[in-house]
Structures are given as C-alpha cells and as structure tokens.
Amino acid sequence: MSCQNYTQNNIEQLKKCNLDVYNNAEQIAAAMEISIDKLRFLTFTSKTSQISHYIYFKTAKKLAGDRIISAPMPDLKRAQYWILQNILQKIAIHDAAHGFCGDRSIITNANPHVGAEIIMNIDLQDFFSAITYQRVKGLFQSFGYASSVATIFGLLCTAPVVEERNLDGKTDFVEFKQRHLPQGSPASPAITNIICRNLDQRLCAIAEKFGFTYTRYVDDLTFSASGENLQHTKNIIKQVQSIISDEGFAINPDKTRILRNSQQQEVTGIIVNQKINISRKKLKSFRATLHQIENEGLEGKHWGNSSNLIASITGFANFVAMVNPEKGAEFQQQIQRIQEKYGKNK
C-alpha cells in the first residue's frame, strides 16, 4: 500500500471541517492505535484472495427477495468505528435526512407528512451498491484529504462483491464487481447521509418550489402536499426522477407509490393520515403473537426476520412505544411477564 503524497492535504478545508490532518499510512495507523502492518492487512485488496474481511449473509426483504449484509470482521469493524467517530460524525448533513443521525428517527421523518392530501413514496434501487469505492474515496478527498489518504479511508469503508470458490481444499474469494458501500458497516449510514447532501438539497429545493414537503430516511424518499399544490404532482415526479438519475442513483419502480388521504397513508412503516400511528392490522397481529407466546411458550413462534424471538418482540414493542407510548407500555409489560415466565435468553 503506497502512501506517497502525490496530492497534498488541503489543510484549510480540513480545518473548516474540524478534522485532524493525516499525511500518510503511519499517521493513520498511530491514530487508530494499530500497527502499520495491521492497517496494510485491513486495506489489502486483490481480485483473488484467500482473505475476506467480511462475513456475507442474506436477510429477507420486507416485500420480496434478499438483502446481502456484509458484516465486517472485528478488527475492520473497529477501524470503521474510528472513522465514524473521528471523521464522519463531524460532517454536517442536510436537515431532510432522518436515518441514523443524531436525534432524528422514523418518527421525525414521518411527522412532517401528517395530514397531507397525498403522500408520494420513492425507493432508491440498490442504494448501497450505487455508492462505489470511487465515490467514497472522492468523499474523503472533498473533506480535504490527499488522494493517498482518501484511498486508505475508502478501502476501509468499502467491500468487494465476491464469490467463494473452492479449489484443492482452499477457499478463494474472487471479486466480480467493484467495491461499494457494505450494508453492515457502522460507517456506512453516515457515509450515505453525507454523500446524499447534494441530492437532499436539490430535492428539497424542487419540493419547496412546488409547495411539497420532502424527507429522506436512508433510501426511502417521501414527498407530500395538499390543496392547490397537488396540480404540480406530475411535474415534480418528472423533475425528481431527473435529479435522482443525475446524482448517480436509480428509482425502484416497484416501490414508488402515491397514496391519497382516502386510503391508508404510510411513511417508513408509520401511518400519517391524521396523526402518527401504527396500522391496526399490524398491532392486532402483534397482540395475537404475544398472547400465544404468553400462553404457550416461545417454541415455534416467530416475529419479524430475527432468529432471536425475545429481541424481535422487544424491538417491535419499543418501536410501538415511540409512536404510541400507551400501547407500547402495555406491550412492554407483557414482554416482561413473558421473560419472567420463560427466561430471557430464548
């Protein structure tokens, strides 16, 4: 891993971002409190390798298909946390972003759309895959880091798409697609929010021009409007499509919906017709599941995609409590009884 400064750090830009200066790999390794050999190992990249810094597994998507999660190994995960805490969290993001940032949440993402006549939901297709190594390296350069330093941070924050091939009892990891942002890295959500600043700014401007409200939660974009502004719906859709494409993303046509207030309007899983709420159907299903668990035990019961049933039902109860504290408290008490009755570690 060569780290000659063929492009110098932009000190003024780094100061403006309140970031520390790193001139070479040795300084980065020292700041991370790891050896230079360890840093070289973590940034090692090759088309074919017997080393993988990630464990790859699939999780079911809410509607259809699988999502590939690339979970970093412990040493790499620590390096990614270091980048998150020492660099990424110091960079401002757009007010329209609500996913994985500060005190914002799916609640703050849904609230601006409550009571709107129409809700327009747009999903970005293959969002993490669209954020390639070159884009991530370019992001670190935009902070003021030299190309050589940005290369190190870019390699630490991205993952190759690999296939496992077994030959003569040895496993090779063969890269067949360019490196991109992995789902599973602690640094990835912050990187998406920073990379999307320009997208958010442009979409916010076009929304304001036509009297719409815009928010984004990771790859879920939401627009809403009422009254005479509804006449601009077709126009805003056309311009939003153009901006998204121009910013290097694509719309998932299967997940683009326009919901009127005569039907159930949903924003990132929260009903927003008159006030924020959770669908009655979902609550009824959850209540029935808890009733079964409390009476019959945990064996053979499921909620969500997690194999840890207690963690899954606790997570959903906490989510309900965020939206509807009274109902959430009721569920949380019931789960407490279940844990006392059947044990916590099931």
Side-chain angles (χ1 to χ4, degrees), residues 59-64 67 95-124 127 189 200 203-204 207 210-227 229-230 232-233 236-237 240 251-292 302-306 311-335:
T59 61
K61 289 184 179 179
K62 191 160 59 174
L63 296 177
R67 178 179 284 108
D95 288 342
H98 291 264
F100 302 101
C101 44
D103 54 358
R104 304 177 212 174
S105 66
I106 55 172
I107 307 296
T108 62
N109 184 62
N111 262 325
H113 306 288
V114 171
E117 285 187 49
I118 70 159
I119 301 283
M120 184 165 67
N121 292 320
I122 293 173
D123 184 80
L124 298 180
F127 181 55
D200 290 335
L203 292 180
C204 210
F210 292 115
F212 277 65
T213 297
Y214 162 71
T215 64
R216 180 180 60 82
Y217 191 90
V218 192
D219 55 356
D220 286 321
L221 317 182
T222 304
F223 298 83
S224 63
S226 299
N229 295 321
L230 299 184
H232 302 302
T233 302
I236 198 169
I237 290 172
V240 164
I251 290 173
N252 183 344
D254 297 333
K255 289 189 179 179
T256 299
R257 298 176 299 163
I258 294 179
L259 304 168
R260 304 193 177 276
N261 58 2
S262 57
Q263 61 194 131
Q264 185 170 278
Q265 294 172 314
E266 193 176 297
V267 176
T268 47
I270 294 176
I271 309 302
V272 294
N273 289 67
Q274 294 166 325
K275 62 178 183 177
I276 60 168
N277 215 333
I278 296 167
S279 80
R280 289 177 185 171
K281 185 179 176 183
K282 190 83 171 173
L283 289 175
K284 187 178 178 182
S285 173
F286 187 60
R287 192 174 283 111
T289 299
L290 290 188
H291 182 73
Q292 284 182 337
H302 300 280
W303 184 261
N305 296 321
S306 173
S312 192
I313 59 175
T314 301
F316 187 77
N318 293 342
F319 164 61
V320 174
M322 284 170 61
V323 181
N324 188 321
E326 193 177 323
K327 280 196 182 95
E330 179 191 319
F331 289 146
Q332 287 167 335
Q333 286 169 10
Q334 192 171 3
I335 291 168

Side chains of [X] and [Y]: is there a donor and an acceptor less than 3.5 Å apart?
{"X": "H113", "Y": "T222", "answer": "no"}
{"X": "Q264", "Y": "N273", "answer": "no"}
{"X": "T215", "Y": "N109", "answer": "yes"}

Are side-chain heavy atoms of [X] and [Y] found at a separation under 4.5 Å?
{"X": "E117", "Y": "N229", "value": "no"}
{"X": "L283", "Y": "F331", "value": "yes"}
{"X": "Y214", "Y": "V240", "value": "no"}
{"X": "I270", "Y": "F319", "value": "yes"}
{"X": "Y217", "Y": "R104", "value": "no"}
{"X": "N277", "Y": "K275", "value": "yes"}
{"X": "T256", "Y": "D123", "value": "no"}
{"X": "I119", "Y": "I258", "value": "no"}

Going from [atom1] on [X] to [atom2] on [Y], what distance comes out if it is rounded to the nearest 0.5 angstrom?
{"X": "N252", "Y": "D219", "atom1": "CG", "atom2": "CG", "result": "9.0 Å"}
{"X": "L221", "Y": "R216", "atom1": "CG", "atom2": "CZ", "result": "7.5 Å"}
{"X": "Q265", "Y": "M120", "atom1": "CD", "atom2": "CE", "result": "13.0 Å"}
{"X": "T268", "Y": "D220", "atom1": "OG1", "atom2": "CG", "result": "6.5 Å"}
{"X": "F286", "Y": "S279", "atom1": "CZ", "atom2": "OG", "result": "12.5 Å"}
{"X": "S224", "Y": "L259", "atom1": "OG", "atom2": "CG", "result": "11.5 Å"}

Practice task
Check whether more than 12 heavy atoms from other residues, nucleotides or ligands sit under 6.0 Å from atom CD of Q263, and answer yes or no.
Solution key: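 For Q263, atom CD is crowded (more than 12 foreign heavy atoms under 6.0 Å).
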
Handout entry: Heavy atoms of other groups near F100 CZ, more than 12 under 6.0 Å
Key =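 No, the 6.0 Å shell around CZ holds no more than 12 heavy atoms from other groups.
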
Handout entry: Parallel, tilted or perpendicular: ring planes of F210 versus H232, cut at 30 and 60 degrees
Key =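 Tilted.
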
Exercise for the section: Considering non-hydrogen atoms only, spot the tightest contact between S226 and A116 and give its length. Expected result: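 Reported closest heavy-atom pair: OG-CA, 3.4 Å.
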
[X] side-chain N/O to [Y] backbone N/O, donor-acceptor pair under 3.5 Å:
{"X": "R257", "Y": "I122", "answer": "no"}
{"X": "R260", "Y": "S262", "answer": "no"}
{"X": "E330", "Y": "P325", "answer": "no"}
{"X": "T289", "Y": "S285", "answer": "yes"}
{"X": "N121", "Y": "K255", "answer": "no"}

Exercise for the section: Take E266 and V272 through the side-chain contact (heavy atoms from CB on, under 4.5 Å) test and state the conclusion after the steps. Expected result: CA-CA 6 Å; E266 193 176 297; V272 294; over 6 Å; no

